[in-house]
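Note sheet for the following structure.
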Amino acid sequence: MSLKIVTWNINSVRLRLAQVNELAKLAKADILCLQEIKVIDDLFPHDGLKELFPYRAVKGMKAYNGVAILSKLPIIEESRLQWCGKDDARHISATVEAGKAGKIEVHNFYIPAGGDEPDPEINEKFAHKLKFMKEMARWGKKTISPKARRIMVGDFNVAPLEADVWSHKQLLKIVSHTPVETDHLEKVRTTQDWVDAVRHFIPEDEKAFSWWSYRNRDWRASNRGRRLDHIWVTPSLTEHLSGIEILDQTRDWTKPSDHCPIALELSI
DNA sequence: ATGGTCGCTTGGCGA
């Protein structure tokens, strides 16, 4: 069977509810992971989503952050982990039952953006971001299991490779692409030998972006993008990877999110 | 070097 998993930083699920359904059909998503839903659990728009996604796991908060996993496949287990001692809705996981293929564990993260100044001594937000990734690496080591079939997605707010930003040189001191951040993210990746699904299909030296600032008037013309959104899979799933799609056409929709979705197809 | 735009919420924060 084919399984399609999509990640998208939606920047308000209530404002873009119609776009979720549009995207779900466009990408033929079986599982859709959202970040920055910006809503408390009680106000999450279940009614507008339940037809396409009968199973939903939500972790929201007021005004900021918030993550959700929408699924056509039954969710048989959920978890919501706290990071850096904060209850700030940056993680949710769901174990789905994928027919004969068995269980797959999906983790959806919204890593802190980190503010503007890339110095943890003077910028608490940047310190928080680094600490968050350190905790992720510890979590990875602690929960590793060679046979586990696990997928990790989300807005990691880090563009790790040179071709993940529009200008490597100009962004080396810009939060999201500094060496200390890319080192931290690489440590998270190696804890479970995660495979970067986008770079599994797209050569490492080919530019690939998932985010363009709202401040660029013509995002496509200037193309000052970054690849902040990621889909990683455990090595046990590598042989099942069958396709990747960066759905940047959504950036041209009316009232777009500043992030575009990424869709991974697996044959399992 | 600076400012540019969003969303949530209603003054200002976070991205």
Side-chain angles (χ1 to χ4, degrees), chain A residues 7-20 22-23 33-45 48-49 58-68 83-91 108-120 122-133 153-160 164-167 169-178 180-182 184-185 209-230 248-262:
Chain A
T7 182
W8 189 27
N9 180 322
I10 191 171
N11 188 17
S12 171
V13 69
R14 287 178 292 177
L15 189 67
R16 278 179 261 282
L17 179 59
Q19 293 187 22
V20 180
E22 185 74 26
L23 169 65
C33 298
L34 301 173
Q35 304 87 36
E36 283 206 87
I37 59 174
K38 294 188 172 177
V39 64
I40 58 172
D41 291 355
D42 286 348
L43 294 178
F44 186 83
L49 296 165
V58 178
K59 172 65 182 174
M61 63 180 278
K62 188 177 178 180
Y64 301 108
N65 313 335
V67 285
W83 306 83
C84 305
K86 294 172 193 277
D87 186 24
D88 58 354
R90 294 182 181 275
H91 167 271
N108 181 13
F109 282 91
Y110 177 50
I111 296 179
D116 288 331
E117 187 56 58
D119 179 351
I122 59 172
N123 175 8
E124 275 181 24
K125 290 191 203 121
F126 195 73
H128 179 211
K129 183 178 196 173
L130 297 182
K131 186 163 183 244
F132 194 102
M133 285 192 274
V153 310
D155 177 1
F156 295 176
N157 269 311
V158 178
D164 291 335
V165 292
W166 63 276
S167 166
K169 269 192 171 174
Q170 283 173 266
L171 285 164
L172 269 172
K173 290 180 178 172
I174 302 296
V175 171
S176 73
H177 193 60
T178 64
V180 65
E181 290 168 85
T182 55
H184 275 63
L185 188 65
F209 308 145
S210 65
W211 172 87
W212 294 262
S213 170
Y214 282 127
R215 294 172 190 177
N216 294 129
R217 273 282 95 198
D218 186 336
W219 70 276
R220 209 185 273 279
S222 58
N223 199 25
R224 296 188 166 191
R226 305 178 202 170
R227 188 170 70 103
L228 304 179
D229 304 274
H230 301 272
D248 64 2
Q249 64 267 44
T250 67
R251 193 65 180 73
D252 277 327
W253 286 354
T254 306
K255 285 223 162 239
S257 167
D258 46 354
H259 294 254
C260 75
I262 299 172

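Quick note: numbers below take in every heavy atom, side chains included, and nothing from hydrogens, waters or symmetry partners. Quick caveat, the model's predicted, so the values are computed rather than measured. Residue numbering restarts at 1 for every chain, and letters A, B, ... go by the order of the sequence lines.
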Check your understanding: Where each residue is assigned the nucleotide of DNA chain B containing its nearest heavy atom, which of A:H259 and A:P256 is assigned the position nearer the 5′ end?
Key -> A:P256
Review point. Hey, which of these two, A:K255 or A:N157, hits DNA chain B nearer its 5' end, going by closest nucleotide?
Key: A:K255
Practice item. Using the C1' atom on both, measure B:dG3 against B:dA15 and round to a whole Å. Key: 15 Å
Point to revise | Pairwise P distance for B:dC6 and B:dT2, with rounding to whole Å | key: 23 Å
Practice item. Can you sort out the partners of A:F156 under ring-ring contact (aromatic ring centres under 6.0 Å, His included), two or more places apart, ordered by chain and number? Key: A:H230, A:W232
Gap between atoms [atom1] and [atom2], on [X] and [N] respectively (whole Å):
X: A:L17; N: B:dG7; atom1: CG; atom2: P; result: 15 Å
X: A:Y64; N: B:dC13; atom1: OH; atom2: P; result: 8 Å
X: A:I111; N: B:dA15; atom1: CD1; atom2: C1'; result: 15 Å
X: A:L15; N: B:dC6; atom1: CG; atom2: P; result: 12 Å
X: A:N65; N: B:dC13; atom1: CG; atom2: P; result: 16 Å
X: A:Q19; N: B:dG7; atom1: CD; atom2: P; result: 10 Å
X: A:N11; N: B:dC13; atom1: CG; atom2: P; result: 18 Å
X: A:N123; N: B:dA15; atom1: CG; atom2: C1'; result: 13 Å

Exercise for review: List in chain and number order the residues that pass side chain to side chain donor-acceptor pair (under 3.5 Å) with A:T7, two or more places apart in sequence or in another chain; answer none if no residue qualifies.
Suggested key: A:Q35
Exercise for review: List in chain and number order the residues that pass side chain to side chain donor-acceptor pair (under 3.5 Å) with A:Q249, two or more places apart in sequence or in another chain; answer none if no residue qualifies.
Suggested key: none
Please determine whether a side-chain nitrogen or oxygen atom of [X] lies at a distance below 4.0 Å from atom OP1 or OP2 of [N].
X: A:R16; N: B:dG7; value: yes
X: A:K38; N: B:dA15; value: no
X: A:K62; N: B:dC8; value: no

Practice item. Flag the pair A:H91 / A:W83 as yes when their ring centroid distance falls below 6.0 Å, and as no otherwise. Key: yes
Check your understanding: Sequence neighbours excluded, which residues qualify as side-chain contact (heavy atoms from CB on, under 4.5 Å) partners of A:R220?
Key -> A:D218, A:D248, A:D252
Check your understanding: By side-chain contact (heavy atoms from CB on, under 4.5 Å), which residues pair with A:R251, not counting sequence neighbours?
Key -> A:W212, A:Y214, A:W219, A:P256, A:D258
Practice item. Mind running a 4.0 Å heavy-atom check of residues 215-224 of chain A against DNA chain B and sending the residues that fall below it, in number order? Key: A:R215, A:R217
Practice item. Report the nucleotide, chosen from B:dA15, B:dC13, B:dC8, that has the shortest atom-to-atom distance to any side-chain atom of A:S12. Key: B:dC8
Point to revise | Atom pair CD1/CG of A:I37 and A:L15 - distance to nearest 0.5 Å | key: 13.5 Å
